[in-house]
Amino acid sequence: MAQRTVIPFGPQHPVLPEPIQLKLTLKDEIVEEALPHIGYVHRGVEKAAERMDYTQNVFLVERICGICSFIHALCYCQGLERLMGLEVPRRAAYLRVIWSELHRLQSHHLWLGLYADAFGFESLFMEFWRSREMLMDIFEKTAGSRVIISACCIGGVRRDISDQHLQETLETLKTLEAAFDKSSEVMLNDYTVKKRTVGKGVLQADKAIMLGAAGPVLRASGVEQDARQTGFAAYDELRVEPVVETAGDCYARAKVRIREVRQSLDLVRRAIAGLPDTDIAVRPKGRPNGRTISRVEQPRGELLYFLAANGSQKLERLRVRTPTFANVAPLVHMLPGSELADVPVIVLSIDPCISCTER
Amino acid sequence: MMLSSVIRNLFSKPATRPFAPAARTAPQGYRGAVEFEEEVCIYCGACATRCPANAICVDRVAKSLEFDPFKCVQCGACAEACKKGCVQLQIDYQHPVAVRHTVAFHGPPKPTVAP
Amino acid sequence: MMAEYLTALAAVLAAPFLGGILMGLDRVVSARLQSRQGPPLVQPFYDILKLFAKRRMAANTFQMISVSVYLASMVLSLALLVMGQDLLVLLFILALGNIMLILGGFSVKSPYSQLGSQREVIVLLAYEPLLVCMVVGTYILTGSFSAASVFGLERPLALSMPAFVITQTLVMAMKLHKSPFDVSASHHAHQELVRGIYTEFSGPQMAVIELAHLYELVLLLGFIVLFWHTNLVVGIVLALACHAAVIVLDNVSARMTTRWMFGFTWSVGLALAAANLAALYATGPLPR
Amino acid sequence: MGLIDIARSKSPWILHFDAGACNGCDIEILACLTPVYDVERFGIINIGNPKHADVLLVTGTVNKRSARVLRNLYDQMPDPKAVVAIGACALSGGVFHECYNVLGGVDSVLPVDVYVPGCAPKPEAIIEGVVMALGKMQEREHARKRGAA
Amino acid sequence: MGLLEPLLKISPLTLAAVLVFSPALFGVVVFAVRTKWSRKGVVTVAGWVLTLAAITVFAIAFVSRTALSATLPAKAAPWSMIVAGGDLALLAAILVIAVRFRSAMVFGVALVQLAVVLYAELTGGHAAEAAPSVFIDWLSVVMVMIVSVIGSIIAVYGLPYMKEHERHLGIDEAGSHRPGFFLTMLVFLGAMNGLVISDDLRWVFFFWEVTTLCSFLLIRHDGTDLANTNALRALWMNTLGGVGFAVAIVLFGAHAHTYSVQALLRSPMGAAASLPILAALACLMFAAFTKSAQMPFHSWLLGAMVAPTPVSALLHSSTMVKAGVYLLMRFAPAFHGTQLSNVLAIAGGFTFVATAFLAIGQTNAKKILAYSTISNLGLIIACTGLNRPLALAAAVMLLIFHALSKGLLFMACGVVEHGIHSRDIEDMQGLVNRMPLTTLIMVIGILSMLLPPFGVLIAKLAAIEASVHLPLAMGMLVIGSTLTVAFWTKWTGRLLASEPGAVHPKIEHLHVMYFVPLVLLTVGAVAFSLAVFPLLTELVEPAVTQYYALVPGAAGGVDLSTDVLAVPWLLVFGVMATAVLAPVLVARTRPDEEVGAYMCGEQIETPNGSGFITVAEQSCSLSIRGHYFERYVGEDRHTLWMSLVAASLIAGMFGSVAVR
Amino acid sequence: MTEAARPPIAPVCDVQPTRPVSVGDLVAAVEAMAARRLRFVTATCLDMGGRFDIYYHFADGVKLDNLLVTIPREAELPSITAVYLGAFLVENEMKELFGINVVDIAIDYKGRLFMTELDQPHPMAKVQSGATPAGQGE
Ligand code: NFV
Ligand code: SF4
Ligand code: SF4
Ligand code: SF4
């Protein structure tokens, strides 16, 4: 009877859009141990960033991930600006917030869809992704691309958003919100959904801190931390209250993200309303020297860049610590004891982004 | 809840966009395929230095430019760098192809002027 | 006798076409419920033809036997239903097919096919009692297990056995692997078991399975038509309504776990069945 | 013959593997399934299982680990089959050419039928790529038949 | 027909003597002449003799179409003394065993039985002379066939098995326990035959107790502590059942004034029976429950699996447990139409469901088989409780098919056990690659318990049909049959789970004395299944109709014919056979390509089968364990309450006597 | 050093003190962080040629608190996973990419977290250490 089922879950697996393998040890269908096996999308971006020059790096780091790409660029630019001693024009800071929050919206929609798919709710997946297309249209219009928008540059942003586009964005967001009301209602109150999420993959606040969880995973466990509180970009003016839930289960994580969608909608509107009329970029100057840390809040949590420069053309070291990287340990902790059927739900509940994790 | 949504969907027009031939065009400013205007190029190489993907190769001496659309990530850095407006990103996306190919052109041979 | 066989033959020949169209309709309606345009109506035929034309790739020979018996059992069951034969026998033949498919899934040492088979066993356990109870219901009414005796009733079954229309719809959802019961396999692969029990069947074998599904669909709907045999039009409408209900259910619910499904059918499903049976025992004509 | 050709071209089931992409391309593939692009109208289903798939969509740069998986998956797809490489990464390594864990494009591991350039390519481009790949697959199949005859 | 004429002339008593005593005689020879060859020869010959005798009985019954009966002259010997002496001798033996193994339980129960037997002897013990009388109707014929043919096959199978078994235990020829073993086995067979052909209850009781003793000896054969404990448990439980039997005899003697079963059945029975008679019937049921290992007495049969496999095969398929259900079937007309009968159906049905449920959680093949046996016996008992011609027909068919399939499965299990040194069905994963022939046999055996067109399923079908009038029992039958699917399917799945690449494995070599018995039973299971309908209509139906002729108001033949028989079985069998054979026979069966299993793209072949690459680039071999749901169906969670329910159902049986 | 490089103008309010500790004191210092219920963020390793600079970042809401350990190239580095299990990934990463000998990691990938056997060892290291002596790395 000591025998256990040991199976690979991934790398290529239809519930996982990205390759990661969990080595699952099961008894019947109860998970006894889950170990992640990664490295399928490891590229070596940190090293490449030491070989490419400062401006090229912007394009490199935003391709660490296609979901949270803008914020990667933002984090990098912000760190470099600090090393170079640049002050970003206020309009640029506001535009950065707008794009960041739109990114968060699209990322959360994407996640809500995938999450619905993880427990087999195909039509809900479709609803969220249909809404998400509205956001993609906004990106296409305002930044010239759907996915990698390349809107950030050192010293500011590359493009301005015209008033007309701002208006259209507001309109679109209105439609989006209406659709979101309906779909999020299902996500929060549907019987079958609750059956699949409530009480699954519980992470206590204490554990969340000790395991170093980040973002919604951390906040769903009742820890009030959000890197936007540090006031980067224009968040010093557009104050953000962290969204906190206490249950620490999959349901709470969904709820945090749903509430964050509303928060983001509000932030975009406030940012558009308060958009100052200044330049959108300053020219980068000088060769940076020194070490700094840049922290921003990604849809999945806190992103940390450590930059070390030595006054040359190229960076001495770029360290990227992404939120999913931090959430792997909590995941390993959450899985044992759950059913196999809940594995996708729990895995998805941390909103894993492997390309970010492995860089 | 979901019931009302799906029923509404059933009786409204699908959200599906028509595909070719009536495919919709991208909005102004979309970063699509990269195209060069051979005539205006001065082979200064500014685009090549800025290109993060090493998609452009400029030989300033031989006055030739080679562009590999398979490497290009359509970031637009080249277009920003080119003072001659020689390289531009089209609105239309780059279409799939079955074979690898590159774009290459070169300028008139350098007039042999003694320095 | 001869006529019976000929009708059965006709049904067996016509079923794939009917089933294909119904399956196509299923997919179109599902798509429309999701605000999509959806595939063409004849998509299932394209799929099956294509699968037949793929190279045979198998892990062992037993898989081939298992799918062929699976198909045969579906075809036979349909024929038996049309011929008005014993429903209990029909159910066991149906189960035979399913068990062979499960064994086919077990015969490959692949994690997903194995787990899918394990779950399919539970799915079978979940719906089988409901089916048998329904047949017992007809027995209480008619004093016989044969489908033909149902034809002889004056009152539509649906009136005396309303709860079984519901359980039958549940069974249909389970057998068609629709949400919330798509635990062992599903028609799209976005699930933890990849394609579950179907994972290791490929090409022509998969085509045979898909073909058998068409028969299964017709058979399941045929069961429901039986509930209103007095007026075939009403019967067909009822069957289509149940099918529609299954499709809608599929689109308004998440996939549940095997454990939940089993608990649900054995509590709610069996309670419904038992209540209706009790009513039948109390009022129905107990024969002999 | 004719009927089967039609069926094949109307029912491409796809398998998607991310060999080291940034997610951008993968999401665009997923977007193809959603209401706005709805590829099911062309009979395309994301089947997620190599044994049922006709077309393999590969995104991202290839490293040694993912190359192994890619090969394995490709080998488990029954013929006739096609491979579509999607995005600059899958075509050449794209922006990651300087990275130490990048072997290059997908064609360094598998025979690629169609290349879909872009970063990330639009869903339209991806659909176009799949359709193109089907054409090539048919051609190859016919050639094989002729060769066998 | 003409050829068979002379057969009719053979006296039933002669046949009876052959059936009952020849095995014992051969046994003594085996015991006395201790050589390998004599053992092989004698056991085989004994098997043949028994088989031939059984076939003769069958032929006679078939030709004459009536029950055979005969009685030895009452004056020929002091029969009552003999049988009483026999009973007492057996009890003395049991008491000695109890003392020797210091088992208070056995001792106590045996004492109680002694008291009852003595009471019977001292009081109305002489209501009738106990001259051996033989009554052989179809039920007896079926039992004799099962005991003699299948029993013999198992005995022959036991020859190579026990040799290997002792080799494993390191016992050499000189110290071999085999002579005693085969003696017991053969005596056992004789006793079983005696049990089913005797008409006098006192003789039945005597043979009944002989089987109890024999089974004790066989279970403790290996002499380990566990074997002793389990054997003692079997002993006390069965002796307890014997108490019930003895009480029934007392009651019958006092109130019906006869011990002849046939006479009893003709006396006012069923609804017309008096209270003591009903109580006596309830006591018989109790006895049957112990012997047939019904809950809560099932533990003895589970424990009996410590014995060598031939013993298990014997106990489960053709002897011992079948005695209990035989007794109930024999007396079924007597309690027809009573409340007792209904409670019996429920009690049997309960064991059927409960043990099928418990079987799901088992990985030990023999334990699964044991649970399945108990479950099937429960089903048979439920059928006797349902007590209608159709139900009894189902019971008879179950008797036959279960004996075939179970004998087959146990023997196959034994072969596998010697092949892979494990009884765990998890270890049988992919057995099809290692022992394809045995696996094929085993799979046929399992499927014959499970699928149409095999007889067990047809019998279940009939049982369900017969149960519609007792909704509670019907519910149990439906649920029990469904649960059965779970463990059989899982097991078969384990057997078939094969690695790619080993698709055409080499067929293993089987000892001829393994091969022949296995093949015989396989062929038997398949042949009888194919012939299930003729069997039903030609043999079982008339017999059952005849049987219920005794019972007023229970007329009517087997109504299965109306529906189930109307099914175009030829078509069904034809299509199924085509479906199985087509892929094998049609030229293009071989796949174009054989590929490994899908493992998310990381599959590799490791030295011990398929595996995958995982954490830290290590390869890990894939391991898949079946689902056993210990959390839900675990024995330790459920046995207690189930036993309590079963016990209260038995109490209910006695209670229902009062309310009729 | 980090302090000096921090430009005063950026509107970032997180304070980033860095405290150097010796390798021997590392685990104790980390335990102290744990006692303060700080969240482990990550570690950053810099290859400074002859030595490694390793930062451990901890967060307390908006504030960061960092430890800096400097070790010679071939030295052993104790794992902190006994205190913060969450550090297992980053320690495995350092081990693989920089070739730092991190000992006693709770879940040890044995230097095979990201890459396969055949790849160049320790690609992030400026000097290839261990099995591949300097100069043979590329
Ligand atoms: N993990 C991660 Fe990202 C985010 N959000 C970030 O740095 O997604 Ni791809
Ligand atoms: S394209 Fe523009 S930047 Fe590039 S070489 Fe020509 S002129 Fe210079
Ligand atoms: S668009 Fe970007 S990647 Fe493409 S050629 Fe220009 S600079 Fe290079
Ligand atoms: S091509 Fe661009 S979008 Fe696609 S994976 Fe590569 S970097 Fe990401």
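Order of the sequence lines sets the chain letters (A, B, ...), proteins ahead of strands, with each chain counted from 1. Not measured: the values here are computed from a predicted model.
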Would you call F:N66 and A:I293 a side-chain contact if the rule is heavy atoms closer than 4.5 Å?
->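 SC-SC contact between F:N66 and A:I293 confirmed.
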Find the distance between [atom1] ([X]) and [atom2] ([Y]) and round it off to the nearest 0.5 Å.
X: F:L64; Y: A:E302; atom1: CG; atom2: CD; answer: 6.5 Å
X: F:Y109; Y: A:I38; atom1: OH; atom2: CD1; answer: 6.5 Å
X: F:L97; Y: A:E46; atom1: CG; atom2: CD; answer: 7.5 Å

Look at A:V88, A:D206, A:V328 and state which one has the largest set of heavy-atom pairs under 4.5 Å with chain F.
-> A:D206
F:V41 vs A:R321, side chain to side chain contact (heavy atoms under 4.5 Å, CB included): CA-CA, chis, key distance, verdict = CA-CA 8 Å; F:V41 178; A:R321 192 300 232 130; 3.4 Å; yes
With distance as the sole criterion, is a donor-acceptor pair present between the side chains of F:T42 and A:R319 under 3.5 Å?
-> yes
Heavy-atom contacts under 4.5 Å, residues 27-38 of chain F to chain A =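 Within residues 27-38 of chain F, the residues under 4.5 Å from chain A are F:A34, F:R37, F:L38.
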Heavy-atom closest pair (A:A329 atom, F:G86 atom, distance to 0.1 Å) is CB-CA, 3.5 Å
Contacting moiety of [X], where chain F heavy atoms sit under 4.5 Å:
X: A:E316; value: both
X: A:A93; value: neither
X: A:L304; value: side chain
X: A:R43; value: neither
X: A:P330; value: neither
X: A:Y40; value: neither
X: A:A308; value: side chain
X: A:E224; value: neither

Audit row: A:E50, F:M124, side chain to side chain contact (heavy atoms under 4.5 Å, CB included) steps and yes/no = CA-CA 10 Å; A:E50 294 170 14; F:M124 292 290 286; 4.1 Å; yes
F:D53/A:R317 salt bridge by N-O under 4.0 Å criterion = no
Measure F:A43 against the heavy atoms of chain A and call it side chain, backbone, both or neither at under 4.5 Å.
->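 Backbone of F:A43 only, per the 4.5 Å heavy-atom cut-off to chain A.
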Of the backbone (N, CA, C, O) and the side chain (C-beta and beyond), which part of F:L89 lies under 4.5 Å from a heavy atom of chain A, both, or neither?
->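 Both backbone and side chain.
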When you look at A:E358 and F:E93, which way does the side chain to side chain contact (heavy atoms under 4.5 Å, CB included) test go after all the steps?
-> CA-CA 10 Å; A:E358 303 185 7; F:E93 182 179 323; over 6 Å; no
For F:R39 and A:L218, what are the C-alpha separation, side-chain angles and deciding distance, and is it a side chain to side chain contact (heavy atoms under 4.5 Å, CB included)?
-> CA-CA 10 Å; F:R39 177 167 57 87; A:L218 182 66; 3.5 Å; yes
With chain A, which of F:D60, F:I107, F:V83, F:V90 has the greatest number of heavy-atom pairs at distances under 4.5 Å?
-> F:V90
Check ring pair (Phe, Tyr, Trp, His ring centres under 6.0 Å) between F:F58 and all other residues, then give those that pass, not counting sequence neighbours.
->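 Per chain and number, F:F58 pairs via ring pair (Phe, Tyr, Trp, His ring centres under 6.0 Å) with F:F40, F:Y84.
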In terms of the angle between their ring planes, are F:H57 and A:F306 parallel, tilted or perpendicular, with boundaries placed at 30° and 60°?
->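 Aromatic pair F:H57/A:F306 classed tilted.
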